[in-house]
Structure formats: C-alpha cells, structure tokens
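What follows is a set of notes on a single structure, which appears directly below.
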Number of protein chains: 2
Amino acid sequence: MHKEHILTKNQQIIFDLIDKSPEPMKAYSILFNVQKKGIKAPLQVYRALDKLVEIGKIHKIESRNAFIACHNSSCRVAKATAFSICEICEKVTEIGSAGLSKYLANFKDKDGMKYSKYNLEFFGLCKKCR
Amino acid sequence: MHKEHILTKNQQIIFDLIDKSPEPMKAYSILFNVQKKGIKAPLQVYRALDKLVEIGKIHKIESRNAFIACHNSSCRVAKATAFSICEICEKVTEIGSAGLSKYLANFKDKDGMKYSKYNLEFFGLCKKCR
DNA sequence: ATTTAAATTGTTATAATATAACACCATGTA
DNA sequence: TACATGGTGTTATATTATAACAATTTAAAT
C-alpha cells in the first residue's frame with residue numbers, strides 16, 4: 001500500500017482545480033485560475049504539477065501538454081497510464097482496464113526487456129462525436 | 001499500398017538530418033543544423049516536421065518533444081506507434097512488434113470502442129544502462 | 001525546545017517549444 | 001491560360017517550461 005501524501009497548500013489548490021475540471025487543464029490556464037488564491041508565477045504551478053504527477057494524483061497528457069486528475073484507483077503511483085483522447089472535442093478518459101495494464105506490464109521487447117512504466121494514448125472519436 | 005510521397009526540398013533536408021541522427025532530434029536543434037542549408041526560421045522546420053509526421057516518415061516522441069525517423073516498415077502512415085525510451089541515456093527505439101500492434105488495434109475500451117491510432121511510450125533502462 | 005535536513009515557497013528572469021498572419025512562388029491540371 | 005493546391009520566406013508573437021537564488025516551513029531526531 002502506498003503512503004498517503006498530504007498535499008501542501010499550493011499542491012492542494014492546484015489539485016482541487018484540476019480534479020474539478022471536466023477536461024485536462026493546461027499549466028497557464030491553471031495559473032490564470034489560481035492567481036486569485038495567491039499563486040502568481042508559472043514556477044509555482046509547475047512545481048506543484050511535478051509533485052502531483054510524481055505521487056500519481058494527476059497525470060500529464062503528453063500529446064496535449066495538459067493535466068488531469070487520476071481517476072483510476074489502481075494507479076496510485078504515476079507510472080503506467082493509458083488514455084483515450086477524442087480528436088474532435090478533446091475529451092480525455094483514463095483507461096482502467098486490468099487486461100490492458102497486465103498485457104503492457106508483461107510485454108517483452110525483442111531484447112526480452114519488460115517495462116513497468118509506460119504511457120499510452122489512444123486517439124479516436126468519443127461517443128458524442130461519432 | 002501507400003502512395004510514395006515526393007519530399008520537397010525543405011522536407012528532404014530535414015528528413016535526411018533526422019534519418020542520419022542516432023537519437024531523436026529537437027526542433028531547434030534541427031533548425032541549428034540546417035541553417036547552413038538556407039532554412040532560417042522555426043516555422044520552416046515545424047512545417048516540414050508536421051508534414052513528415054503526417055506521412056509517417058518520422059514520428060514525434062511526445063514525452064520528449066523530439067523527432068525520429070520511422071524505422072518500422074509496417075507503419076507507413078503515422079498512426080500507431082510504440083517506443084521504448086531509456087531514462088538514463090535517452091535512447092529511443094521504435095517497437096515493431098506485430099503482437100503488440102495487433103493487441104492495441106483490437107483493444108476495446110469499456111464502451112466497446114476500438115482505436116486504430118495510438119501512441120505508446122515505454123520507459124526503462126536500455127541494455128547499456130542496466 | 002533546538003537543531004538539522006529536506007522540502008516548499010516566492011521571485012525575477014529567461015529558455016525552449018510552437019504558431020499566427022501575410023505575401024509570394026511552384027506545380028499540376030482543367 | 002487560369003486556377004487550385006500546397007509549399008516557401010518572413011516577421012512577430014504565443015505558449016510551455018526551467019534556471020537561479022534567497023527565504024520559509026516542516027518533520028524528525030535529538
């Protein structure tokens with residue numbers, strides 16, 4: 001089991017914002033939204049984001065440079081993530097499939113190497129946009 | 001079968017550079033390297049990169065903001081890519097496993113949705129760095 | 001309680017990555 | 001020839017992210 005991380009003030013403010021957002025948030029959009037709470041500089045945001053990613057409370061959507069809260073109880077640490085991304089509305093959904101994570105964690109490359117850390121982004125159209 | 005794309009001058013210059021590079025190249029490093037060939041502005045580089053990605057001659061390593069030439073004869077179009085990335089030396093290898101691509105192309109999310117486009121990045125240590 | 005180490009914060013400045021807008025040019029084709 | 005399409009060259013600017021440094025807070029161990 002993982003240690004519960006107690007968030008610092010900035011981390012909590014930023015996590016709450018991302019967690020409430022229905023869509024991934026970008027760093028400077030986060031900055032804009034938390035300026036009224038006293039977080040004034042990009043670095044304050046990026047530091048909190050780095051930490052939140054590290055402890056698995058949020059994930060970075062690499063292809064979008066955006067961040068979403070983790071909604072997958074099985075990934076308490078940020079290391080093995082999978083998402084679907086709608087190419088029209090940009091909706092992002094975390095994929096919690098045990099089968100998928102099992103397959104990827106057990107995948108061996110041609111050198112027989114396995115990887116416990118990975119990031120997978122699927123692209124397509126979501127239900128609404130199809 | 002896919003149409004062969006004839007590259008324009010800028011596209012060819014930039015593709016050749018990336019293709020010769022043993023490691024992924026970043027846009028501004030590419031720019032620096034092609035300035036002697038008359039490509040002076042970031043936009044000229046980004047336009048060529050966009051096109052080369054679109055036609056599958058190169059891929060973008062999203063987590064690194066870097067580009068590598070495609071060395072996987074099966075992905076003639078940039079849509080389904082997988083890489084391993086060494087966290088120490090940053091070596092990136094394209095994974096050509098038919099099993100993996102088959103698994104991912106047939107993967108269904110909880111809504112029964114399949115995805116023909118995806119990008120997977122595995123992280124670990126390469127042979128040398130282990 | 002006091003010390004100490006580690007982490008976090010606040011701040012200014014700057015680096016690195018990427019696109020907007022516009023005029024012009026090359027090529028293929030009707 | 002005219003036209004459409006895509007590529008080019010250019011300047012300016014937007015967006016994303018980090019460097020460097022000093023001050024403060026926190027947690028743990030005396």
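Residue numbers start from 1 in every chain, and the chains themselves are labelled A, B, ... in the order their sequence lines are given, proteins ahead of strands.
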Please state how far atom [atom1] in [X] lies from atom [atom2] in [N], giving the value in whole angstrom units.
X	N	atom1	atom2	value
L52(A)	dA7(C)	CG	P	16 Å
L7(B)	dT27(C)	CG	P	15 Å
K26(A)	dT17(C)	NZ	P	15 Å
N10(A)	dT8(C)	CG	P	11 Å

Would you say a side-chain N or O of [X] is under 4.0 Å from OP1 or OP2 of [N]?
X	N	result
Q44(B)	dG9(D)	yes
T8(A)	dA7(C)	no
K9(A)	dT8(C)	no
K40(B)	dG9(D)	no

### Query
Can you give one letter per nucleotide of nucleotides 17-22 of chain D, going 5' to 3': B for a protein heavy atom under 4.0 Å from the base, S for sugar-phosphate only, - for none?
BBBB--
### Task
Assign Q11(A) to base, sugar-phosphate, or nothing according to its heavy-atom contacts below 4.0 angstrom with the strands shown.
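Sugar-phosphate contact only.
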### Task
Using a 4.5 Å cut-off on heavy atoms from C-beta on, say whether the side chain of L104(B) contacts that of Y115(B).
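No; the side chains remain at least 4.5 Å from each other.
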### Query
Taking side chain as C-beta onward, heavy atoms only, is R47(A) less than 4.5 Å from N10(A)?
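With C-beta onward as the side chain, the pair stays apart.
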### Query
Under 3.5 Å, side chain of Q12(B) to main-chain N/O of K9(B), donor-acceptor pair present?
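Here the side-chain-to-backbone pair does not exist.
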### Task
State whether the side chain of E121(B) and the backbone N or O of S63(B) hold a donor-acceptor pair below 3.5 Å, judged by distance alone.
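Judged by distance alone, yes, a pair lies under 3.5 Å.
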### Task
Would you please indicate yes or no on a ring centroid separation below 6.0 angstrom for F122(A) and F107(B)?
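Yes, the ring centres sit under 6.0 Å apart.
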### Task
Let me know which of E87(A), E23(A), E90(A) forms a salt bridge (Lys or Arg N to Asp or Glu O under 4.0 Å) with R64(A).
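So, applying the salt bridge (Lys or Arg N to Asp or Glu O under 4.0 Å) to R64(A) and each of E87(A), E23(A), E90(A), only E90(A) qualifies.
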